[in-house]
Amino acid sequence: MCARKIAEEAEGNKIVVEKSTVPVRAAESITHILSANTRHGVSFQVLSNPEFLAEGTAIENLLNPDRVLIGGEESAEGDEAVAQLTWIYNHWVPSERIITTSTWSSELSKLASNAFLAQRVSSINAISAVCEATGADVSQVATAVGRDSRIGSKFLQASVGFGGSCFQKDLLNLVYIAECLNLPEVAMYWQQVTDMNEYQRTRFAKRIVECLFNTVSGKTLAVFGFAFKKNTGDTRESPAIYVCSHLLEEGAQLNIYDPKVECKQIELDLTSAAVTDNPDRVRKLIDIYTDPYDAVKDAHAIVVLTEWDEFTGYDYKKMLSVMKKPAFVFDGRKILDHQALIKIGFHTETIGKRFSRNTLLRSSGADI
Ligand SMILES: NC(=O)c1ccc[n+]([C@@H]2O[C@H](COP(=O)([O-])OP(=O)(O)OC[C@H]3O[C@@H](n4cnc5c(N)ncnc54)[C@H](O)[C@@H]3O)[C@@H](O)[C@H]2O)c1
């Protein structure tokens, strides 16, 4: 529709820049639509210039990008269009950071970049399950692995899972393309990255139920964080939706607090047809709070699902005093001071690490 509108309105020679993440070969489809509707004296060049901005750091990413990718048709006209867009970026981006490729390579590089990032998260999350089973600590493993300069230390934070509007969509896009190209092994490989993400969310939710003496029915859990990552109110594909849905399915009462996500959005996410067939029951089981200290009153546990900085600064001793005992903390983002929480009397669980039973019993003052 957008391409048709451009064809209708454009005059003279125009460069159309495709910036949003699109299925590979979208530039080709745009070119077809434009050329089928071209009027006399009008010509088009379609460039692929994928967006690499992440939410919360968009301006920084724009001003100081790792790289700018520009893909164009392999022809003299295509080269000319690429040169024009390069000239614009050159006003603030050094030439060595501008990569020019064919249109297809550019489109596929965008999908591949997000797939590789998601794969790193799923890889460390897979290792976190092994850590919990063996007594290793995933943070120590991530540090050791990341010190290899070939691997690098970024994007190795184990968690309850990745979310956001891009990773899942781009992975599934890649899976779809591989299937269409009759490459089932490739499709299965990338599908596994998203399957591992789903496994991690479910595993965390099941661990909460297991630790709370195998049932959360009728128990109150305070959920800290609903956004897919800190410093945003965006909940798209947030692991919180899936963890909360699992707990609600098990009959838990959830007191949810997020510094930025709107109440309406939380209710919408948890009552959508994608996660429940009984929205009225869910509405009765959730309460949304604007103060975390109110959310923990009479709760059996605190469940951390987003890595908001403010969560690390709370007075957990004060929170413990108004909670049901034994009180639990489940840190799905590995941001809290676990030893301090154990010391004040919380039973503490986190991703990729098991605290010894003795430590827990000692912290609660029990004889061992
Ligand atoms: N958000 C957008 O609007 C947008 C638009 C176009 C393109 N993109 C592209 O999509 C990518 C993803 O963007 P995003 O906004 O979803 O943000 P992001 O890359 O910061 O976060 C995506 C996911 O990765 C997780 N994550 C972040 N840092 C991590 C770490 N160190 N270790 C483990 N997991 C970590 C986050 O919790 C989140 O679930 C960007 O890199 C960009 O290339 C984003």
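Nothing here was measured: the structure is a model prediction, and the numbers come from that model. Ligands are counted one by one from 1 in listed order, and the atoms in each one are counted from 1 as well.
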Is it possible for you to check whether Arg201 lies under 6.0 Å from the centre of the six-membered ring of Tyr242, through NZ or CZ, and within 45° of that ring's axis? yes
Cation-pi check, Arg67 onto Phe52 ring (under 6.0 Å, within 45° of axis): yes
To check your reading of the model: name the closest protein heavy atom to [atom], its residue, and the distance in Å.
atom                    : result
atom 36 (C) of ligand 1 : Lys229 CB, 4.2 Å
atom 4 (C) of ligand 1  : Leu53 O, 3.4 Å
atom 30 (C) of ligand 1 : Phe155 CA, 3.5 Å
atom 34 (N) of ligand 1 : Val121 CG2, 3.5 Å
atom 33 (C) of ligand 1 : Gln157 O, 3.2 Å
atom 15 (O) of ligand 1 : Glu55 N, 2.8 Å
atom 39 (O) of ligand 1 : Gly163 N, 2.7 Å
atom 10 (O) of ligand 1 : Asn114 ND2, 3.1 Å

Using modelled atom types only, decide if a donor and an acceptor are shared between the side chain of Lys334 and the backbone of Ile351 within a distance under 3.5 Å. yes
Decide yes or no for His300 and Phe213: does some side-chain heavy atom of the first lie under 4.5 Å from some side-chain heavy atom of the second? no
Side-chain touch Val138/Lys353, heavy atoms, less than 4.5 angstrom: no
Can you find an N or O of [X] that's nearer than 3.5 Å to an N or O of ligand 1?
X      : answer
Glu307 : no
Phe167 : no
Cys166 : no

Please could you name the atoms of ligand 1 that [X] approaches to less than 4.0 Å, counting only its heavy atoms?
X      : result
Leu156 : 32 (N)
Phe52  : 42 (C), 43 (O)
Phe162 : 39 (O)

Are Phe228 and Phe162 close enough that their ring centers fall under 6.0 Å? no
Is any side-chain N of the basic residue among Arg97 and Asp66 closer than 4.0 Å to the acidic one's carboxylate O? no
Residues Asp234 and Arg236 bridged, charged N to O under 4.0 Å: yes
Which is closest to atom 13 (O) of ligand 1 by heavy-atom distance: Pro239, Ser113, Ala54? Ala54
Taking only non-hydrogen atoms of [X], do any sit less than 4.0 angstrom from ligand 1?
X      : result
Lys110 : yes
Arg333 : yes
Ser159 : no

Between Glu210 and Asn214, is a side-chain hydrogen bond (donor to acceptor under 3.5 Å, both in side chains) present by the stated rule, with each step listed? CA-CA 4 Å; Glu210 186 194 307; Asn214 291 315; over 6 Å; no
Determine, using the 4.5 Å side-chain heavy-atom cutoff (strictly less than), whether Met323 and Tyr314 are members of one ILVMFWY cluster. yes
Assess, by modelled atom type and distance only, whether the side chains of Asn49 and Tyr89 contain a donor and an acceptor separated by less than 3.5 Å. yes
